[in-house]
Amino acid sequence: MEKRLMRLRRLMEERGIEALLISHPVNRRYLTGFTGSSGWVVVTRKEQILITDFRYRGQVKDQAPHFEFVEHQGNPFADVKQILDRSGVRAIAFEENHLTFSQHRKLAESLGSLQTVPSSDLVERLRLIKDEEEIQRIRDAVAVSDGAFERILKEMRPGMTERDISLRLEFLMREAGAESSSFDMIIASGPRSALPHGVASDRVLETGDLVTMDFGAYYQGYCSDMTRTVMLGSPSERQREIYGIVLEAQKRAIQAIKPGISGKEVDATARDYIRDHGYGEAFGHSTGHGLGMELHEGPTLSYRNERGLEPGMVVTVEPGIYLPDVGGVRIEDNVLVTDEGYEVLTKSPKELIQID
Ligand code: GLY
Ligand code: MN
Ligand code: MN
């Protein structure tokens with residue numbers, strides 16, 4: 001935590017920020033370790049303070065020993081003002097993407113003549129590069145979803161519904177220690193597999209279906225996010241063809257990953273391959289996204305990201321082909337950017353699995 005604070009202060013200094021108010025719960029947890037659902041963090045050049053209420057008295061001391069604890073009496077912004085007054089700071093930056101309009105109004109009222117300044121991408125910038133502890137937690141989250149996938153393969157069969165699969169996966173992940181799913185899982189079978197984000201329905205699985213399962217574990221504050229598409233019965237020629245194309249595109253995109261390559265170039269690796277095989281129109285989303293405490297965070301693997309990847313980043317690689325009359329295929333792994341290139345964290349097999 002001390003290292004994270006040091007990196008934050010360096011960034012604040014670069015941007016001429018003397019005091020920062022952090023309101024985003026994930027950023028708060030990242031910086032402090034505090035897992036409570038309510039709290040405000042103020043970081044100045046010399047001090048770091050966590051403002052919350054009496055419910056969290058003991059918890060703050062345990063989880064955030066490096067932070068001064070201030071217990072507010074209903075208006076945390078009154079305490080923010082006191083902190084600024086005693087440090088002689090005249091302006092505080094706030095997270096413009098997270099503070100609500102009404103919270104900002106109350107903050108400004110409480111601060112009187114002190115200024116508020118919008119800021120963005122400070123703690124998020126730090127979170128792009130995962131430290132050892134974070135990488136371990138992501139590995140653990142990935143192992144939980146890999147384990148659930150291995151089990152569901154043994155259990156799934158025609159006659160089950162998409163919801164049956166989703167409930168079972170949820171149970172298996174929680175049994176293995178997950179706090180929850182990392183998002184509302186997608187189980188899309190048969191024609192529904194052509195819906196990139198078809199959440200589990202009551203549809204009954206049938207022989208001849210492609211079944212896309214996109215799910216992940218939320219484990220010790222970190223997410224995993226994997227997709228596998230399996231075949232019930234024998235694939236048609238078209239189903240086999242699109243599976244092969246997505247798999248090759250996904251492998252090529254992963255192999256392209258190394259420090260310095262841009263998100264745009266990784267995206268183009270998968271996209272060009274799919275387009276060159278005639279299915280460019282059927283791949284309408286980006287190739288991947290950063291993954292960590294949030295399911296979707298920086299860096300994005302899309303045409304919009306021209307910045308180079310760096311060691312310590314964790315991304316998903318998840319191209320797909322979606323054909324309304326045939327079904328869809330998506331394959332998604334979680335990948336760590338290393339000094340030399342990449343490491344695929346997801347261990348589940350990805351050759352076409354056929355379930356009879
Ligand atoms: N299902 C969300 C994702 O894979 O990004
Ligand atoms: Mn996913
Ligand atoms: Mn994803």
Side-chain angles (χ1 to χ4, degrees), residues 26 124 127-128 130 137-139 141-150 152-153 162-163 165-166 169-170 172-173 178 180-189 192-201 210-219 222-230 243 246-247 249-251 253-254 257 263 266-267 269-271 274 282-305 309 313-322 327-337 342-350 353:
V26 173
E124 285 86 350
R127 283 173 40 208
L128 285 174
K130 274 69 183 173
R137 288 188 182 194
I138 296 172
R139 283 184 199 283
V142 169
V144 168
S145 42
D146 270 339
F149 181 68
E150 193 182 344
I152 201 76
L153 282 182
E162 293 173 355
R163 265 175 58 76
I165 306 280
S166 113
L169 281 170
E170 174 91 27
L172 289 166
M173 291 194 293
S180 64
S181 281
S182 56
F183 61 98
D184 223 1
M185 85 179 71
I186 293 163
I187 309 290
S189 63
R192 292 191 78 252
S193 63
L195 306 171
H197 270 192
V199 293
S201 75
L210 284 166
V211 184
T212 295
M213 293 173 276
D214 182 353
F215 64 102
Y218 184 64
Y219 186 79
Y222 285 78
C223 300
S224 62
D225 181 12
M226 69 178 281
T227 308
R228 287 295 182 269
T229 303
V230 301
Y243 194 94
V246 171
L247 179 59
Q250 202 250 8
K251 286 180 176 169
I254 290 174
I257 291 176
V266 178
D267 179 72
T269 306
R271 198 166 302 285
I274 290 175
F283 175 28
H285 56 77
S286 57
T287 293
H289 53 86
L291 179 75
M293 296 179 82
E294 289 181 285
L295 181 72
H296 295 130
E297 54 183 56
T300 167
L301 301 183
S302 82
Y303 71 91
R304 288 187 299 273
N305 182 12
L309 298 180
M313 290 178 167
V314 175
V315 293
T316 70
V317 180
E318 51 178 306
I321 292 179
Y322 311 93
V329 174
R330 179 167 64 257
I331 303 170
E332 175 177 25
D333 284 334
N334 303 150
V335 180
L336 169 68
V337 184
Y342 65 89
E343 179 189 339
V344 182
L345 304 177
T346 311
K347 303 297 180 207
S348 296
K350 52 189 180 186
I353 291 172

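Counting convention: from 1, in listed order, for ligands and their atoms alike. Model, not experiment: these values are computed from the prediction. Along the sequence shown, residues are numbered consecutively beginning with 1.
- Checked against Glu332 for a side-chain hydrogen bond (donor to acceptor under 3.5 Å, both in side chains), the options Thr212, Thr227, Thr287 give a single hit: Thr227.
- Within the 3.5 Å criterion, the main-chain N or O of Val211 finds no donor-acceptor partner in the side chain of Arg192.
- If you look at Glu318 and ask which of its N, O or S atoms sits nearest the Mn ion (ligand 3), the answer is OE2.
- The atom of Glu332 nearest to the Mn ion (ligand 2) is OE1, with the search restricted to N, O or S atoms.
- Heavy-atom minimum distance, Asp146 versus Lys347: OD2-N, 2.7 Å.
- Taking 2.8 Å as the threshold, His289 counts as a candidate ligand of the Mn ion (ligand 3), since one of its N, O or S atoms lies below it.
- Asp225 has its closest N, O or S atom to the Mn ion (ligand 3) at the position named OD2.
- Ring centroid separation for the pair His285 and Tyr322 comes in under the 6.0 Å cut-off.
- When every heavy atom of Asp225 is checked against every heavy atom of Leu291, the shortest pair comes out as CB-CD1, 3.8 Å.
- Between the Thr346 side chain and the Ser348 main chain, no donor and acceptor come within less than 3.5 Å of each other.
- Within the 3.5 Å criterion, the main-chain N or O of Ile186 finds no donor-acceptor partner in the side chain of His197.
- Nearest N, O or S atom of Asp214 to the Mn ion (ligand 2): atom OD1.
- Partners of Arg127 according to the salt bridge (Lys or Arg N to Asp or Glu O under 4.0 Å) rule, which considers only residues two or more places apart in sequence or in another chain, are Glu294, Glu297.
- Contact shell of ligand 1 (protein heavy atoms, cutoff 4.0 Å): Phe183, Ile186, His197, Asp214, Asp225, His289, His296, Glu318, Glu332.
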